[in-house]
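To start, the structure under review is shown below, and the notes come after it.
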Amino acid sequence: MSVRTRVAPSPTGDPHLGTAYVALFNFAFARQREGQFVLRIEDTDRARSTAMAETAILDALRWTGLDWDEGPDVGGAHGPYRQSERLDVYREHAEQLLGSGAAFRCFCTKERLDDVRRQQQARGETTRYDGHCLDMDPDEAADRADRGEAHVVRLNVPGTGVCRVEDGLRGEIEIPWAQTDMQVLVKSDGFPTYHLAVVVDDHLMGISHVLRGEEWISSMPKHRLLYDRFGWQMPVHYHLPLLRNPDHSKLSKRRNPTGLDYYRSTGYLPEALLNYLALMGWSMPDEREVFSLTEMIEAFDIERVSTGGPVFDFAKLDWMNGQHIRRLSPDEFMDRVGVWALNREALAPLVPLVQQRTERLSDLVSQVDYLLGDRRPLSMEDFNHKRLEPADCKRILDHAIRRLDDLQDWSRDTLHDSLRALAEVMDIGMRDFIAPLFIAVSGRAVSLPLFDAMSYLGRGRVRARLRSALEALGGVSKKEAKRLERGYRELW
RNA sequence: GUCCCCUUCGUCUAGAGGCCUAGGACUCCGGGUUUUCAUCCCGGCAACAGGGGUUCGACUCCCCUAGGGGACGCCA
């Protein structure tokens, strides 16, 4: 049987480092075994999935140098590869589960569920559906559903005993069934949840090995049960360790740049990033550290993946990037600089900002240095302002970060409108409000228009600069962060 | 809180019972090459979480404790 792996990102936000990480291992595994690697879009969250995010993910993944044999953009024999286009498939399978009693319809209200959850929490139990609708007569339930009554379909999970599952890296894992929720499989909008869709699709798409993040281990019983109820063989599962922040918590954008766009625009070579990512939990048999994707494929062995959660270390990434840059020939180097930013397409958004302000072409470089390159390091003094105290600056920066994180669209006008609204609710004049942001983004008193600059820099770099500005202001303690968060929430 | 996973230098890791006086890489600190800087080269600091077993012998196997992480959504 041929090896088939997949990566299944959800188009709900910016392309994430973690996606590239998981994709890399799936890719290397499949290629090593001369199998196929599939890209599937898991857009079952109607509220949050966007076509824009999907495009961005495909684009970012292409940038890394990974490619896939089947996917929404390249097609394949097991399509469609977008879950929103497979609703009939899920409906059919849900019916099958309903028919065999493996699943049941649930009409409970959100209020009741919240209530049950609260009580369980108070008793110190794992929260779990209490089985309220489990004993309802299936015909009656079907009737009510036919009459259009809102409901979901839940998985019928046993209340006792233990579930044994196998992880390729960890061996056998036992999880009590009582810990496993009677998971919603079909939402009231008719869309499947991840759990139903992933099992159905992995099976139908012939996925032989699942390499995914460790956060899925606790969902294995649900998946195990679904495979059993369908009478399917479960693929071999390998749970990769989670990338960590320096404090060992799960890598998060609040603490570190996690967007692939950040690494791309900051000038990391994709092959260096992949090389570094490969070292997160995996090593070459000969302990070589600098290698190409091709070399990785040749040597890849899933058994050599370690289970401890690796801390993402920027210092080592930088070193790695330097290694790859120095190995380029002068010609390649010039080409790469061009591909990075010095090309017509990338420079175009800068033209309207810069041309009017230019007398000699050499003026250009100093005007855009902070856009193409890093912004200078900041200190407390940079935030001296006639009407704003450092504490005010902190509030502005913190709230701006929160506001910006909620933004769907990253155009200049949206940025402007959104931050103006924030200034208003904070009751700070726009002129003053802008000042600390100017410094944080550009590191200068005089610079190109703020919102254009932010739009050009992109989310990842802007967030990183605002965060670093916050650090320059003395940082934010845990306690302070809580207070700021509350303050922000109370504004709206 | 409940359940699950994890645990070798600050960080990434090698190590599949004797080869370990625990190796490599990043960072840091010294030194050398170099007009400066960087590169490059050489050297140094630095770890088997703790406690019990098993064994002639444990970093390696088992148990307990501690610590860290994850999951507990009509998100994935």
Side-chain angles (χ1 to χ4, degrees), chain A residues 8-13 16 18-19 40-49 83 106-110 113-114 117 120-129 150-154 162-163 165 167 169-171 173-198 212-222 239-251 275-290 303-323 325-327:
Chain A
S10 168
T12 52
H16 198 275
T19 305
R40 183 173 70 223
I41 294 294
E42 310 229 317
D43 55 349
T44 55
D45 185 341
R46 249 174 157 173
R48 295 195 304 153
S49 298
Q83 291 186 327
C106 168
F107 298 84
C108 292
T109 61
K110 185 174 184 308
L113 295 173
D114 287 346
R117 232 189 303 269
Q120 288 170 330
Q121 241 148 28
R123 269 181 269 130
E125 297 167 10
T126 298
T127 54
R128 183 179 198 266
Y129 181 67
H151 70 286
V152 300
V153 175
R154 285 182 186 275
V162 296
C163 175
V165 289
D167 175 273
L169 298 174
R170 283 158 263 255
I173 297 172
E174 292 190 356
I175 300 175
W177 281 118
Q179 290 298 320
T180 303
D181 198 7
M182 297 194 211
Q183 182 64 46
V184 170
L185 299 177
V186 181
K187 310 177 209 179
S188 51
D189 66 1
F191 273 56
T193 58
Y194 168 82
H195 302 280
L196 208 220
V198 77
R212 66 202 327 183
E214 195 182 354
E215 76 262 40
W216 294 110
I217 289 181
S218 44
S219 302
M220 279 188 91
K222 294 167 190 173
H239 290 92
L240 303 172
L242 255 24
L243 265 22
R244 310 291 184 95
N245 295 313
D247 70 355
H248 291 95
S249 57
K250 177 173 158 178
L251 193 70
N275 188 168
Y276 181 67
L277 249 16
L279 257 22
M280 302 271 85
W282 185 75
S283 61
M284 280 279 195
D286 62 2
E287 297 191 58
R288 190 163 22 126
E289 298 207 309
V290 183
E303 299 296 325
R304 288 187 65 84
V305 172
S306 52
T307 45
V311 171
F312 196 88
D313 179 8
F314 290 83
K316 188 151 181 179
L317 204 218
D318 285 346
W319 168 81
M320 179 66 81
N321 204 48
Q323 292 298 312
I325 283 180
R326 281 171 216 125
R327 281 162 206 227

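Residue numbers start from 1 in every chain, and the chains themselves are labelled A, B, ... in the order their sequence lines are given, proteins ahead of strands. Being a predicted model, the structure only gives us computed values, none of them experimental.
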Original post:
Side chain of A/Glu214, base of B/rG69: donor and acceptor closer than 3.5 Å?
Top reply: no
Original post:
Is A/Lys316 paired with A/Glu289 through a side-chain N to carboxylate O contact shorter than 4.0 Å?
Top reply: yes
Original post:
Can A/Arg128 and A/Thr180 be said to form a side chain to side chain donor-acceptor pair (under 3.5 Å), step by step?
Top reply: CA-CA 7 Å; A/Arg128 183 179 198 266; A/Thr180 303; over 6 Å; no
**OP:** Provide the Watson-Crick or G-U wobble partner of B/rA49, both distances under 3.5 Å; none if there is no partner.
**Re:** B/rU65
Original post:
Does a distance-only test, which skips hydrogens and angles, find a donor-acceptor pair under 3.5 Å between the side chain of A/Ser188 and the base of B/rC74?
Top reply: yes
**OP:** Describe the nucleic acid contact of A/Thr44 in one word from base, sugar-phosphate, nothing, applying a heavy-atom distance below 4.0 Å.
**Re:** sugar-phosphate
Original post:
Looking at A/Thr307, does any N or O in its side chain come under 4.0 Å of the phosphate oxygens OP1/OP2 on B/rU7?
Top reply: yes
Original post:
Side chain of A/Tyr276, backbone of A/Trp319: donor and acceptor closer than 3.5 Å?
Top reply: no
Subject >> Atom pair distance, as rounded to whole Å: NZ in A/Lys316 and P in B/rU27 >> reply: 9 Å
**OP:** Could you let me know what B/rU33 is paired to, Watson-Crick or G-U wobble, both distances under 3.5 Å, or none if it's on its own?
**Re:** none
**OP:** Any chance you could lay out the side chain to side chain donor-acceptor pair (under 3.5 Å) test for A/Ser249 and A/Asn245, step after step, and finish with the verdict?
**Re:** CA-CA 5 Å; A/Ser249 57; A/Asn245 295 313; 2.9 Å; yes
Subject >> Check: A/Gln83 main-chain N/O paired with A/Asp43 side-chain donor or acceptor under 3.5 Å >> reply: yes
Original post:
Looking for any heavy atom pair under 4.0 Å, which part of the strands does A/Arg117 touch: base, sugar-phosphate only, or nothing?
Top reply: sugar-phosphate
Original post:
Heavy atoms under 4.0 Å, any strand shown: does A/Gln120 hit a base, just sugar-phosphate, or nothing?
Top reply: nothing
Original post:
Rounded to whole angstrom units, what separation is found between the CZ atom of A/Arg154 and the C1' atom of B/rC72?
Top reply: 13 Å
Original post:
Counting side-chain heavy atoms from C-beta on, which of B/rC4, B/rA71, B/rU13 comes nearest to A/Ser306?
Top reply: B/rU13
Subject >> Row check, A/Phe312 ring normal vs A/Arg244 NZ/CZ: under 6.0 Å, within 45° >> reply: no
Subject >> Partner nucleotide, any strand, of B/rC72 [Watson-Crick/G-U, under 3.5 Å] >> reply: B/rG1
Original post:
Quantified in whole Å, what is the P atom distance between nucleotide B/rC5 and nucleotide B/rA16?
Top reply: 25 Å
Original post:
A/Lys187 side chain N/O closer than 4.0 Å to the phosphate oxygens (OP1, OP2) of B/rA76?
Top reply: yes
**OP:** Classify the nucleic acid contact of A/Val311 as base, sugar-phosphate or nothing, counting any heavy atom under 4.0 Å across all strands shown.
**Re:** sugar-phosphate
Subject >> P spacing across the pair B/rC20 / B/rG15, given as an integer number of angstrom >> reply: 14 Å
Original post:
How would you label the contact of A/Glu287 with the nucleic acid (heavy atoms, under 4.0 Å): base, sugar-phosphate, or nothing?
Top reply: base
Original post:
Expressed as a whole number of Å, how far does the C1' atom of B/rG69 sit from that of B/rG31?
Top reply: 42 Å
Subject >> Rounded C1' spacing from B/rC59 to B/rA49 in Å >> reply: 12 Å
Original post:
Reckon A/Arg304 touches a base, only the sugar-phosphate, or nothing at all at heavy-atom distances under 4.0 Å?
Top reply: sugar-phosphate
**OP:** Select base, sugar-phosphate, or nothing to describe what A/Met280 touches, counting heavy atoms under 4.0 Å on all strands.
**Re:** sugar-phosphate
Original post:
Checking all strands, does A/Gly213 fall into the base, sugar-phosphate, or nothing category for heavy-atom contacts under 4.0 angstrom?
Top reply: nothing
Subject >> Pairwise C1' distance for B/rU8 and B/rA14, with rounding to whole Å >> reply: 10 Å
Subject >> Flag, side chain of A/Thr193 to backbone of A/Val184, donor-acceptor distance under 3.5 Å >> reply: yes
Original post:
Nearest nucleotide by nearest heavy atom, which residue falls closer to the 5' end of RNA chain B, A/Gly308 or A/Arg123?
Top reply: A/Arg123
**OP:** Check whether any side-chain nitrogen or oxygen of A/Thr127 sits under 4.0 Å from OP1 or OP2 of B/rU2, and answer yes or no.
**Re:** no
Original post:
Among the nucleotides B/rC3, B/rG70, B/rU27, which one has an atom lying closest to any side-chain atom of A/Gln179?
Top reply: B/rC3
**OP:** Can you tell me the distance, in whole Å, between the NE2 atom of A/His248 and the C1' atom of B/rG67?
**Re:** 11 Å
Original post:
Does A/Arg288 pair with A/Asp286 as a salt bridge, N-O distance under 4.0 Å?
Top reply: yes
Original post:
Between B/rC26 and B/rC40, how far is it from one P atom to the other, in whole Å?
Top reply: 9 Å
Original post:
Rounding to a whole Å, what distance do you find between A/Trp282:CH2 and B/rA14:C1'?
Top reply: 13 Å
Original post:
Does A/Trp216 have its ring centroid less than 6.0 Å away from the ring centroid of A/Tyr194?
Top reply: yes
Subject >> Atom P, compared across B/rA46 and B/rA38: separation rounded to whole Å >> reply: 26 Å
Original post:
Between atom NZ in A/Lys250 and atom P in B/rC6, what is the gap in whole Å?
Top reply: 18 Å
Original post:
So which nucleotide does B/rA38 pair with, by the Watson-Crick or G-U wobble rule with both distances under 3.5 Å?
Top reply: none
Original post:
In terms of the nearest nucleotide of RNA chain B, which residue is placed more toward the 5' end: A/Pro176 or A/Asp247?
Top reply: A/Pro176
Original post:
Taking only N and O in the side chain of A/Gln323, is any of them less than 4.0 Å away from OP1 or OP2 of B/rC40?
Top reply: yes
Original post:
Over how many whole Å does the gap from A/His239 atom NE2 to B/rG69 atom P extend?
Top reply: 20 Å
Original post:
Hey, does A/Arg244 reach any base, or is it just sugar-phosphate, or nothing, if we go heavy atoms under 4.0 Å?
Top reply: sugar-phosphate
Subject >> Closest to side chain of A/Asp313, choosing from B/rC26, B/rC74, B/rC5 >> reply: B/rC26
**OP:** With C1' as the reference atom in both, quote the distance from B/rA66 to B/rG51 in angstrom, rounded to an integer.
**Re:** 10 Å
**OP:** Tell me which nucleotide among B/rC75, B/rC26, B/rA25 gets nearest to the side chain of A/Ala315.
**Re:** B/rC26
Original post:
Atom CG of A/Leu185 and atom C1' of B/rA76: how far apart are they, to the nearest Å?
Top reply: 15 Å
**OP:** For A/Leu277 and B/rC12, give me the distance from atom CG to atom P, rounded to whole Å.
**Re:** 14 Å
Subject >> Proximity to the side chain of A/Trp319 - top-ranked nucleotide from B/rU27, B/rG24, B/rA76 >> reply: B/rU27
